[in-house]
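Small disclaimer: the values here were computed from a predicted structure and weren't measured. Here is how names work: the chains are called A, B, and so on, in the same order as the sequence lines, proteins then strands, and each is numbered from 1.
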Amino acid sequence: MAKDSKTPLLDQLEEGPWPSFVTEIKRAAEKKDSAKDLLHQLERSYMDRIGHWKHGGIVGVKGYGGGVIGRYSDLPEEFPAVAEFHTLRVNMPSGWFYTTEKLRELCDVWDKHGSGLTNMHGATGDIILLGAPTNALQPCFDDLAEIGFDLGGSGSDMRTPSCCVGPGRCEYACIDTLDLLHSVTMEFQDELHRPMFPYKSKIKISGCPNDCVASVARSDFSVIGTWRDSIRVDSGEVTNYANEGMDIQAEVVDLCPTGCMKWDAGAKKLSIDDGECNRCMHCINLMPKALRPGKEKGATILVGGKAPIVRGALLSWVIVPFMKMEPPYTEFKELVRKIWEWWDENGKMRERLGELINRLGMRAFLKAVDLPPVPQMIRAPRANPYYFWDPEEVK
Amino acid sequence: MAKDSKTPLLDQLEEGPWPSFVTEIKRAAEKKDSAKDLLHQLERSYMDRIGHWKHGGIVGVKGYGGGVIGRYSDLPEEFPAVAEFHTLRVNMPSGWFYTTEKLRELCDVWDKHGSGLTNMHGATGDIILLGAPTNALQPCFDDLAEIGFDLGGSGSDMRTPSCCVGPGRCEYACIDTLDLLHSVTMEFQDELHRPMFPYKSKIKISGCPNDCVASVARSDFSVIGTWRDSIRVDSGEVTNYANEGMDIQAEVVDLCPTGCMKWDAGAKKLSIDDGECNRCMHCINLMPKALRPGKEKGATILVGGKAPIVRGALLSWVIVPFMKMEPPYTEFKELVRKIWEWWDENGKMRERLGELINRLGMRAFLKAVDLPPVPQMIRAPRANPYYFWDPEEVK
Amino acid sequence: MAGKTDFGPPFYKDLLPPVILKNYGQWKYHERVKPGVLKHVAESGDELYTIRVGSGRLVSTDWIRDVCGIADQFCGGHLRFTSRHNLEFLVSDKNQVEPLIAHLNKEGYAVGGTGHAISNPVHTQGWIHCHTPATDASGIVKAVMDDLYEYFADSKLPAYCRISLACCLNMCGAVHCSDIAILGIHRKPPHVNHDTVRAKCEIPNVIAACPTGAIRPDPKEKSLTVNEDKCMYCGNCYTMCPGMPLADPIGDGVSIWVGGKISSARTPPKFSRLVIPFLPNNPPRWPEVTSAVRNIVEIWATHAHKHERMGEWIDRIGWERFFDLTGIPFTVQLIDDFTLASETFRSTPTFKW
Amino acid sequence: MAGKTDFGPPFYKDLLPPVILKNYGQWKYHERVKPGVLKHVAESGDELYTIRVGSGRLVSTDWIRDVCGIADQFCGGHLRFTSRHNLEFLVSDKNQVEPLIAHLNKEGYAVGGTGHAISNPVHTQGWIHCHTPATDASGIVKAVMDDLYEYFADSKLPAYCRISLACCLNMCGAVHCSDIAILGIHRKPPHVNHDTVRAKCEIPNVIAACPTGAIRPDPKEKSLTVNEDKCMYCGNCYTMCPGMPLADPIGDGVSIWVGGKISSARTPPKFSRLVIPFLPNNPPRWPEVTSAVRNIVEIWATHAHKHERMGEWIDRIGWERFFDLTGIPFTVQLIDDFTLASETFRSTPTFKW
Ligand code: SRM
Ligand code: SRM
Ligand code: SRM
Ligand code: SRM
Ligand code: SF4
Ligand code: SF4
Ligand code: SF4
Ligand code: SF4
Ligand code: SF4
Ligand code: SF4
Ligand code: SF4
Ligand code: SF4
């Protein structure tokens, strides 16, 4: 670290084995004033132990209500190149697959209009183009459109949905996550681009209960692949795992949450009582060569997941135990629309779907969207006696 | 059942192996008009499928604010002998132990003043003297006092506390439940007899975590015996259980919730990692000859248990993991007083202690009653980030 | 003596049998000799036999005198009651045990309730004495226990099974943590009697008492109105105000809850959970209730592991399997919508079909 | 082309490498070849090697071009990113695997993050770009991962360990279900700037946004006041109204949460739970945070069974034992007092000393 460095604190973050974002900012700073001012404003934050951004006003591009996050420095005199420093959220392709060609096109556009800094990717999944002045937004978007990149969501709209790698590379995928994602994104372009809801709404799609896209925790609609029939067992491969030293009793059978597996250590025979299996994936995860999900595949739909604002974080809740998921995914899309309609009609401002269901009751929700109550929806029935009767039922 | 019986429905409940309350009412009805009218009013309820009692006004005996439940028939013309049919709640002795002499005295008093019907006992534990007119209450109480029976609680007071049989007959008792109960009852006579609180307050005392008096579910103060040291093991007796056919691995070790036991089937040796034992009692319950609670005994204090009214049922919560329990039980009594004071100051009408803690927060409660936070109080730490800081702490 | 107050209950030590006084706190172990009979052995070697007898709880003074007679004959004039209202004869002379049991059998007493049995259902007043019941208490208990008597008289279940009953959701029977709870419920909102309300009720208190905020002032009537959509028939308003009765022959009935537990043995205490939202009041023998209870007991007894309480069994197999095995239909009322509802929803795709 | 809208993201099929297009949905099994390297085998027998590379996520276009160059050289011009922002090189020719890794090592890329490792922490903007942060994001992540690098580069933990960071309790990093969550927190109420409030804020919306009802109108100022006792610094009001900033060099810092989980493998998803309520912001390397995280990771790694996630381990041993083993002091902030608080209290005398 040079003695006369102007960023002595940040410079320390160029050391160490983990890739350094400071190095990246510095690389961009060589070409872009905004990146340079970002670096120095950040150094100031490191000294002050406080952020130096102001609440963003509404900025955007023509025809869209979202996709851009406005941001202003609170030290614009000192750091004029980041006085306006808005980010564009660019909708990533399904599964974050790229050709180098496509990525280079993207870099060219961004070098032309913005700071040259990005997040690959944002926590929702978008490509985040990090920092451009207001007047660069429209031209930047126009150039993005040219190379086939559209904006993602922000504000009270459907946010950019995302999915796990699924059939692209994973043998566990019970649904075509990549295709479903693309189809859903295309279906709901209007909802994605024009805030129209009480608050944000997120859809995430995982191919199996491992939930590699964390849908259950951070999406209003969690779609998780599963199967209805039996785990497919290749006994020979089970034996191989055992022979290679896996302690099948301790590592697999004893950790099966339903206790539905038996391991005959002498005969090296594994048996599964599939009726009692809850498809937790553990045994399959440990022995992917020997065990595979069943063949009658589909998805469980859960709703309501979200972060803590305003009434506390929620994990999504099962509302459809099993739905076939085949193009054009009409049943799923119709369900989403129906649920949005109910939410839109009943939700207060800044009330996510899960909070609305909590406020009005799961029963009202199920009735409104016409789903039958089944025990798979619950962990346990109610423990309190405060339940309602329809006067019709009391005769 | 006689064809011309006037209680054809109730008569059917005289059949069958379980003791019949109808038979009991009929026995009393032979001597008492009120019992007879009770029988017939009840038959009417069986026909109408509806109760025939009116909300009770306030009735009682001199010097006391509680102990009597007022009750009036809503068919006083038809059943004049139960037009007024109040019950007296009589404080039972610790552990519901009686001499026949004492019980006969009680019967004599009740035959003199009331219906001759009782509940042995009420759900709170009192002797319930079931049904007397208003003018009989005072004389009845005077005669009760004569034979040494005092009233129990009702209304917004301390309710009659109760305890398990404990050291009277149970080898598991870690505290002297009978003595503690008597001492507490005597200490809080004023609180028991004169409603002074926002709502009812209950104390129940069990000698060990089996909780045979269900304190955790139905008392604002649950006192449950426990120990701090190691389970006492008589290895010879363990072996005997095994020899007599107990499958110690399956029935004991595999059901131990902490997994802290090991059974060497060959050597017939049981070992316990006492540091990890949570004193659930299961192993002791199964092998009382072989295993016994440790020697360093005391109680865990839990508070807040209650039925659903108004905000939902609660189980009591640990607030003191371990308290020595020796006469005169000063520490416990002082804690109870302190908690009552806080509740009295802050509680709304009809707000039980547990609900108040829920409303104001466990932290406010602990601070007010000066108890240190320890992890034994919780099942898990908070999952939401909505916590407060004292400005003093933020410096 | 008039005016004497606050003297408290009889002193327990004056009521204990000699064998207990002698061995107080010095009990060493116990054995379950046979159904209904416990043997406690003290450090001193002394033995105490307990013979447990079922009680209808609602008993006459004649009955008390009867059992006192028996206690005089066999137990030196000592007896006790249990926390579940059973009667216990305390016998210190081993030779008296069998004669006592023979006598009890001859006189028709119900001996049992120990060990892995169904003991006396804790219950409440019902139509006998309360003003808010949605059902009777003693009647259902009698019908259910007649039906399940074999499980009281014998200890043949996988584990304890505690049945309780409360005739309204005040839950005086503390049913909320029972293996099987029978709970009276109302299903119709209170019917407001304006005259009574005006005469007898403090309007702000009644409004405040409603957990769901269903009650509003009715300024025109100087009384109250109930928003029927919000009312879940808890009867709190009626407790505060006699002008708001909600009992109704059609509306009232019984709900069934399962899987609760008090003891901390193996697993912590648990609340009971709703499985049958409504069964009609069908006195005198409530056949719908007795058969629902028997079905649950028997399915549990058939499927549970040894020492596995109802709730522990259900935790192991899952609620979806419970509904499957018992054949009980899953209805929307079972899904929680009160304060902590979200804790009961399933946040995982792992469940059984 | 101006005015073209709603055309959506690039079509994924146009971006998949040939081996994936050919074997799409036909993958048979995978092996974890070594840390950072996965091998997927298709029904057809085709193999696909994935080499995973850690990314700082905040990257320049130069970096993107660099990795594109590598992908051109070794992967036929194809690459992808993961749901945790790692970079993955997709190699269909087995012979390219080792040369690629050698190249990556030479160029200083971080290969790892597969299997029982600590993968890339999902994180957020922090002082880089957001207006509500209580801490920086990228800086802490860099410091923590430098410190824990061995667990990224090697797969030597008992199970997955997911670390996430969010710079305020909006939790954009979705940290609430992480094995270890690092969460920025404010500890001082918003400082009301009346002029800004008057000029820029819709007062009713701001009031409505406060989860604790701490905000009242201030009619005199035509602005707002905050009841400081009720404020828990969520920053909701600031999101609605720039006149209520709450950032503060002393007040702001970091909290640590543990035991969350997303996957349903073995046990259902779980929330993370607070174990350290506050650590100061100490840039550039937040030593208090890195050592707190390392301590937790190591205690877990030492004590957990194989395949036992952080939360599963804690569930087995109990929270009291967790605090014991880690030496983390138990403070009153850890006790819940929000809506579902009572669910977190202990209703049993069974716990460990
Ligand atoms: C950029 C991003 C963080 C990142 O560095 O990756 C982000 C940044 C912001 N989030 Fe977020 N959120 C981002 C993903 C998330 C996620 C994760 C996810 O989507 O999977 C969550 C949790 C999941 C969820 O939605 O529940 C998330 C939960 C929030 C919340 C709380 C929402 C709630 O219901 O609890 C807010 C508060 C709000 O909406 O006012 C919020 C608000 C914000 C705002 C807009 C701040 C504000 O109040 O104006 C941040 C703008 C920062 C900036 O200047 O760029 N952000 N936010 C992520 C979006 C990138 C992308 O599009 O790919
Ligand atoms: C007699 C008894 C039932 C019985 O048949 O055994 C009983 C009877 C009544 N209870 Fe109870 N409760 C009785 C034990 C209980 C218990 C069990 C216990 O104490 O262990 C509970 C549950 C534990 C608890 O307190 O949480 C109980 C919870 C209630 C409640 C709900 C309290 C709550 O906070 O949820 C009410 C409602 C009220 O207070 O308005 C209530 C109210 C009533 C009233 C006074 C009805 C009323 O609202 O006016 C009943 C009078 C009936 C009558 O006419 O005799 N009773 N009540 C029990 C008292 C006998 C005794 O003293 O031994
Ligand atoms: C007499 C009584 C105490 C009293 O002061 O009256 C009592 C007495 C004994 N209980 Fe109990 N329990 C008594 C009510 C309870 C209750 C309360 C209740 O049912 O309302 C419970 C909690 C029930 C629950 O968990 O829901 C209770 C949970 C236990 C347990 C734990 C059972 C379990 O595995 O969960 C044991 C241990 C055992 O059974 O080995 C136990 C064990 C015992 C022992 C063996 C203790 C001993 O060493 O003497 C006693 C004989 C039990 C038997 O019946 O075989 N006692 N016991 C109560 C008899 C009530 C009755 O008439 O049936
Ligand atoms: C590439 C990626 C999907 C994607 O579309 O990007 C992915 C890929 C795989 N996951 Fe995952 N998971 C990915 C994020 C996740 C997440 C999400 C997260 O961490 O935010 C989870 C949930 C984490 C949680 O529970 O908190 C996740 C939970 C799992 C599990 C369950 C682990 C467990 O025991 O709880 C498995 C099974 C296993 O590890 O055997 C799994 C298994 C796998 C397999 C083995 C699936 C397969 O057969 O190909 C893949 C390689 C895993 C590895 O790294 O060794 N994947 N996986 C994600 C890589 C993120 C990264 O860069 O590290
Ligand atoms: S969620 Fe399942 S299908 Fe998707 S990548 Fe993860 S393991 Fe594969
Ligand atoms: S998927 Fe899970 S529940 Fe099913 S057999 Fe495998 S380990 Fe058991
Ligand atoms: S609670 Fe414990 S001490 Fe009391 S009777 Fe029951 S088993 Fe014995
Ligand atoms: S008391 Fe419970 S936790 Fe302790 S050793 Fe016995 S069974 Fe295990
Ligand atoms: S449960 Fe209800 S109806 Fe029954 S006695 Fe208690 S308050 Fe009365
Ligand atoms: S019965 Fe209960 S919910 Fe209905 S109005 Fe009365 S107090 Fe309210
Ligand atoms: S977590 Fe908070 S501070 Fe960080 S990016 Fe999200 S909203 Fe901004
Ligand atoms: S920071 Fe949150 S709690 Fe505090 S006043 Fe603002 S909105 Fe309310």
Side-chain angles (χ1 to χ4, degrees), chain B residues 9 12-13 16-19 21 24 27-28 45-46 49-51 53 55 63 91 93-94 96-100 103 107 110-111 116 119-120 123 142 145-146 148 150 167-169 171 178 185-186 189 209-214 216-218 255 257 280-282 288-289 307-310 313 315, chain C residues 1-2 4-10 12 15-16 20 24-25 27-30 40 54 56-65 68 71-72 77 79-81 83 127 129 131 133 138 142 145-146 149 169-174 176-177 211 242 247 249 262-266 269 281 283-284 339:
Chain B
L9 293 173
Q12 296 178 45
L13 290 175
W18 192 247
F21 70 101
E24 293 303 316
R27 286 176 86 180
S45 286
Y46 271 55
R49 304 182 178 202
I50 205 173
W53 297 106
H55 194 89
N91 198 344
S94 282
W96 302 285
F97 280 96
Y98 295 95
T99 57
T100 53
L103 278 178
C107 291
W110 188 231
D111 279 344
N119 288 141
M120 296 300 279
D142 293 341
E146 203 75 49
D150 202 346
R169 196 191 57 205
E171 71 273 26
L178 301 175
T185 309
M186 295 314 291
Q189 283 289 305
N210 283 331
D211 197 4
C212 294
V213 76
V216 79
R218 50 189 192 135
L255 297 180
C280 81
M281 292 296 296
H282 175 71
K289 266 193 204 175
I309 302 302
V310 180
L315 288 159
Chain C
M1 276 282 307
K4 189 173 120 185
T5 61
D6 297 330
F7 46 91
Y12 65 99
L15 304 168
L16 297 176
I20 290 187
Y24 192 85
W27 299 104
K28 199 166 166 214
Y29 68 88
H30 74 275
H40 284 82
R57 192 183 83 124
L58 170 45
V59 294
S60 65
T61 47
D62 285 353
W63 181 89
I64 299 175
R65 289 193 183 90
C68 283
D72 285 343
L79 53 75
R80 79 176 284 267
F81 293 85
S83 62
W127 294 333
H129 199 263
H131 67 293
S138 312
K142 165 76 174 141
M145 288 308 284
D146 279 346
Y149 188 71
L169 44 70
N170 283 341
M171 293 202 190
C172 297
H176 55 298
C177 301
I262 296 287
S263 85
S264 285
R266 299 169 305 284
N281 274 330
T339 320

Can you measure from OH (B:Tyr98) to CD1 (C:Ile64) and round to the nearest 0.5 angstrom? 8.5 Å
Please rank B:Leu255, B:Asn119, B:Leu315 by heavy-atom pairs under 4.5 Å with chain C and give me the top one. B:Asn119
Between B:Gly63, B:Ala123, B:Ala28, which shows the greatest number of heavy-atom pairs under 4.5 Å with chain C? B:Ala123
Do you know the tightest heavy-atom contact between B:Ser94 and C:Tyr12? CB-CB, 3.5 Å
Name the orientation class of the two ring planes belonging to C:Trp127 and B:Tyr46 (parallel below 30°, tilted from 30 to 60°, perpendicular beyond 60°). perpendicular
CG (B:Leu13) and CG (C:Asp146) are apart, to the nearest 0.5 Å, by 8.0 Å
Under 4.5 Å from any heavy atom of chain B - which part of C:His176: side chain
More than 12 non-hydrogen atoms from neighbouring residues, nucleotides or ligands closer than 6.0 Å to NZ on C:Lys28, yes or no? no
As an exercise, state the distance from CZ of B:Arg169 to CG of C:Leu16, rounded to the nearest 0.5 Å. 11.5 Å
Let me confirm one number: the CZ-CZ distance from B:Phe21 to C:Arg57, rounded to the nearest 0.5 Å. 11.5 Å
For chain B, which of C:Met171, C:His30, C:His129, C:Met145 has the most heavy-atom pairs under 4.5 Å? C:His129
Heavy-atom closest pair (B:Val216 atom, C:Pro269 atom, distance to 0.1 Å) is CG1-CG, 3.8 Å
Quick check on the interface: out of B:Val213, B:Asn210, B:Asp211, who has the most heavy-atom pairs with chain C under 4.5 Å? B:Asn210
Select, from C:Gly25, C:Gly54, C:Gly56, C:Ser83, the one with the greatest count of heavy-atom pairs under 4.5 Å involving chain B. C:Ser83
Residue selection (most heavy-atom pairs with chain C, distance under 4.5 Å) from B:Gly116, B:Cys212, B:Ala214, B:Ala307: B:Gly116
At their closest point, which heavy atom of C:Ser264 faces which heavy atom of B:Cys280, and how far apart are they? O-CB, 3.4 Å
B:Met186 versus chain C, the contacting section by heavy-atom distance below 4.5 Å: side chain
B:Thr185 portion near chain C, given a 4.5 angstrom heavy-atom threshold: side chain
Chain B heavy atoms under 4.5 Å from C:His40: which part of the residue, side chain, backbone, both or neither? side chain
What's the shortest heavy-atom distance between B:Thr100 and C:Ala71, and which atoms? CG2-CB, 3.6 Å
dist B:Leu103:CG -> C:Arg65:CZ (nearest 0.5 Å) comes out at 10.5 Å
Among C:Thr5, C:Leu79, C:Val59, C:Asn281, single out the residue with the greatest number of heavy-atom pairs under 4.5 Å to chain B. C:Val59
Which heavy atom in B:Gln189 sits nearest to a heavy atom in C:Phe7, and how many Å separate them? OE1-N, 3.7 Å
Nearest 0.5 Å, please: how far is CD1 in C:Ile262 from CZ in B:Arg218? 7.5 Å
Heavy-atom closest pair (C:Pro10 atom, B:Pro93 atom, distance to 0.1 Å) is O-CB, 3.7 Å
Any side-chain to backbone donor/acceptor pair from B:Arg27 onto C:Ser60? Under 3.5 Å, distance only. no
